[in-house]
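Accompanying notes for the structure given below.
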Protein chains: 2
Amino acid sequence: MRKTFLFMDTVLNKVDAKGRVSLPSDYRAIVKESASEIVCYRSLTAPCIEGCLEDLLDKLATDMEDSLDFFSQTQDDLTNLIFGDAKRYPFDSTGRIMLSEKLLKHAGITDSAVFVGKGRKFQIWNPQNWEKEEQRIRSEVFKNRPSLKGGAHES
Amino acid sequence: MRKTFLFMDTVLNKVDAKGRVSLPSDYRAIVKESASEIVCYRSLTAPCIEGCLEDLLDKLATDMEDSLDFFSQTQDDLTNLIFGDAKRYPFDSTGRIMLSEKLLKHAGITDSAVFVGKGRKFQIWNPQNWEKEEQRIRSEVFKNRPSLKGGAHES
DNA sequence: TTGATTCCCATATTTTCCCATGTTATACCA
DNA sequence: TGGTATAACATGGGAAAATATGGGAATCAA
């Protein structure tokens with residue numbers, strides 16, 4: 001088993017007429033360690049698609065069992081939203097996945113898509129929207145510099 | 001297993017037409033202990049490239065998962081910024097990495113680059129820029145002597 | 001049958017790998 | 001100590017492999 005499973009980098013790929021996109025090869029290399037498919041769902045907080053290994057959702061399920069009441073309304077809502085929306089997307093021999101209409105619409109993706117690494121997961125954006133979002137984040141982060149231990153991001 | 005993993009020294013290397021640079025052999029020796037690739041990203045605070053072992057970012061990912069909520073906006077922003085920018089750079093049999101256009105542009109590097117050790121990380125600078133930066137740092141540190149416990153660094 | 005999905009092949013481009021060469025550093029020997 | 005042999009390293013260029021992407025045939029479902 002691999003030590004690290006970090007989705008990284010930002011990659012722009014085309015979406016063809018059939019709705020197919022190449023999963024960046026770095027991502028594929030990670031996924032292949034344990035599966036031949038990724039799980040995608042509409043982001044709850046942004047106009048983009050979110051993707052991860054099934055393991056992560058499994059961890060989320062466990063965390064929720066531990067932290068929330070079994071009959072909690074919040075847990076009900078969240079699990080409905082995420083697990084109701086999530087779906088496995090296998091990739092073919094050339095490494096492409098076929099995103100559903102629902103996902104593409106939510107992210108406003110038509111003929112090209114940007115994959116953005118997020119560590120244990122990644123996001124898929126409409127290129128223009130991602131450009132704006134990145135600027136927003138950069139200005140946000142510089143305004144209220146959040147402090148983090150480890151500091152790998154700081155110079 | 002090796003006792004120390006510190007990136008040290010300052011090394012000037014050429015960047016060829018393909019964007020390839022030799023990783024200083026001392027650095028390679030450190031990396032080879034656990035991997036055959038380094039992770040690089042644009043420094044958030046200076047016009048240079050930063051590099052480290054993937055372990056460091058993995059630790060950061062774990063720290064964030066532990067300290068911040070799964071649905072936290074801050075966590076979202078930070079992971080996008082950090083992991084969206086970072087990327088693995090494997091080195092070939094002769095010890096070279098191929099820096100992306102994005103990184104070279106951010107650091108203003110064209111035909112040569114300076115590797116500067118930073119302990120667990122290192123930086124890659126445009127030679128002229130580094131010269132200025134080093135002077136700035138030296139005068140800065142001399143002006144307001146920072147205090148550090150331990151004192152092993154003082155003479 | 002229509003539309004969609006999967007599988008397969010073709011191809012351009014990018015990236016990786018490998019070999020060759022000059023240069024520097026280190027080891028060795030007289 | 002000086003000089004030479006040897007090894008390690010940096011660097012250049014070309015060949016080989018991997019990747020992204022387009023299109024078509026086969027398969028499946030409504």
Side-chain angles (χ1 to χ4, degrees), chain A residues 7-33 35-40 49 51 87-105 109-117 122 124-127 130, chain B residues 2 7-33 35-40 49 51 86-105 109-117 122 124-127 130:
Chain A
F7 293 107
M8 295 192 276
D9 201 9
T10 297
V11 178
L12 175 69
N13 278 346
K14 282 188 185 173
V15 178
D16 71 15
K18 298 179 183 179
R20 296 177 300 185
V21 213
S22 286
L23 196 64
S25 71
D26 280 3
Y27 290 20
R28 238 152 52 213
I30 293 174
V31 178
K32 274 184 184 166
E33 294 282 325
S36 63
E37 58 197 12
I38 55 170
V39 173
C40 290
I49 302 166
K87 177 169 161 22
R88 295 187 192 87
Y89 288 84
F91 46 83
D92 64 26
S93 59
T94 63
R96 285 179 292 197
I97 55 176
M98 226 187 75
L99 297 170
S100 70
E101 196 52 47
K102 185 178 72 177
L103 292 182
L104 292 174
K105 193 180 166 196
I109 292 171
T110 55
D111 61 348
S112 60
V114 182
F115 290 78
V116 183
F122 61 88
I124 312 176
W125 286 79
N126 164 306
W130 167 244
Chain B
R2 203 188 162 87
F7 294 108
M8 293 192 274
D9 201 8
T10 297
V11 177
L12 174 70
N13 278 345
K14 281 191 186 172
V15 179
D16 71 16
K18 296 181 183 177
R20 294 179 300 186
V21 213
S22 286
L23 197 64
S25 69
D26 280 3
Y27 289 22
R28 237 150 54 213
I30 294 174
V31 179
K32 273 183 184 166
E33 293 285 322
S36 62
E37 59 198 12
I38 55 169
V39 173
C40 290
I49 301 165
K87 176 168 163 29
R88 293 190 194 86
Y89 290 84
F91 46 83
D92 62 27
S93 59
T94 63
R96 284 178 293 194
I97 55 176
M98 221 186 79
L99 297 171
S100 71
E101 196 53 47
K102 186 178 73 175
L103 292 182
L104 293 175
K105 193 180 165 196
I109 293 171
T110 54
D111 59 350
S112 60
V114 182
F115 289 78
V116 183
F122 60 88
I124 312 175
W125 286 80
N126 165 305
W130 168 243

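Values in this document were obtained by computation on a predicted structure and should not be read as measured data. Sequence lines set the chain letters: A, B, ... in the order given, protein chains first and strands last, and positions in each chain run from 1.
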Euclidean distance, atom [atom1] of residue [X] to atom [atom2] of [N] [Å, nearest integer]:
X: B/K18; N: D/dG13; atom1: NZ; atom2: P; answer: 9 Å
X: B/F91; N: C/dC17; atom1: CZ; atom2: P; answer: 12 Å
X: A/L23; N: D/dT19; atom1: CG; atom2: P; answer: 12 Å
X: A/R96; N: C/dA4; atom1: CZ; atom2: P; answer: 18 Å
X: B/F115; N: D/dC9; atom1: CZ; atom2: P; answer: 15 Å

Original post:
Hey, does the side chain of B/S25 come within less than 4.0 Å of D/dC9's phosphate (OP1/OP2), counting only N and O?
Top reply: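 For D/dC9, OP1 or OP2 has a side-chain N or O of B/S25 closer than 4.0 Å.
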**OP:** Please check the phosphate of C/dT6 (OP1 and OP2 only) for any side-chain N or O of A/R20 closer than 4.0 Å.
**Re:**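 No.
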From the list [options], which nucleotide is the closest neighbour of the side chain of [X]?
X: B/R28; options: D/dA10, C/dT16, D/dT21; answer: D/dA10
X: B/K14; options: D/dT11, D/dA20, D/dG22; answer: D/dT11
X: B/N13; options: D/dA20, D/dG22, D/dA10; answer: D/dA10
X: B/M98; options: C/dT16, C/dT5, D/dG22; answer: C/dT16

Original post:
What is the nucleic acid contact for A/S93, judged by heavy atoms within less than 4.0 Å: base, sugar-phosphate only, or nothing?
Top reply: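 Result for A/S93 = nothing.
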Original post:
Less than 4.5 Å apart, any side-chain heavy atom of B/I49 and any of B/Y89?
Top reply: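 Result no, sub-4.5 Å side-chain heavy-atom pair not found.
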Subject >> pair A/L99-A/V15: side-chain heavy atoms closer than 4.5 Å >> reply: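 Sidechains of A/V15 and A/L99: no contact.
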Original post:
With no hydrogens and no angle check, is any side-chain donor or acceptor of A/N13 less than 3.5 Å from a backbone partner on A/S22?
Top reply: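 Judged by distance alone, yes, a pair lies under 3.5 Å.
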Original post:
Quick one: CD1 on B/I124 to CH2 on B/W130, what's the gap to the nearest 0.5 Å?
Top reply: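 Between atom CD1 of B/I124 and atom CH2 of B/W130 there are 13.0 Å.
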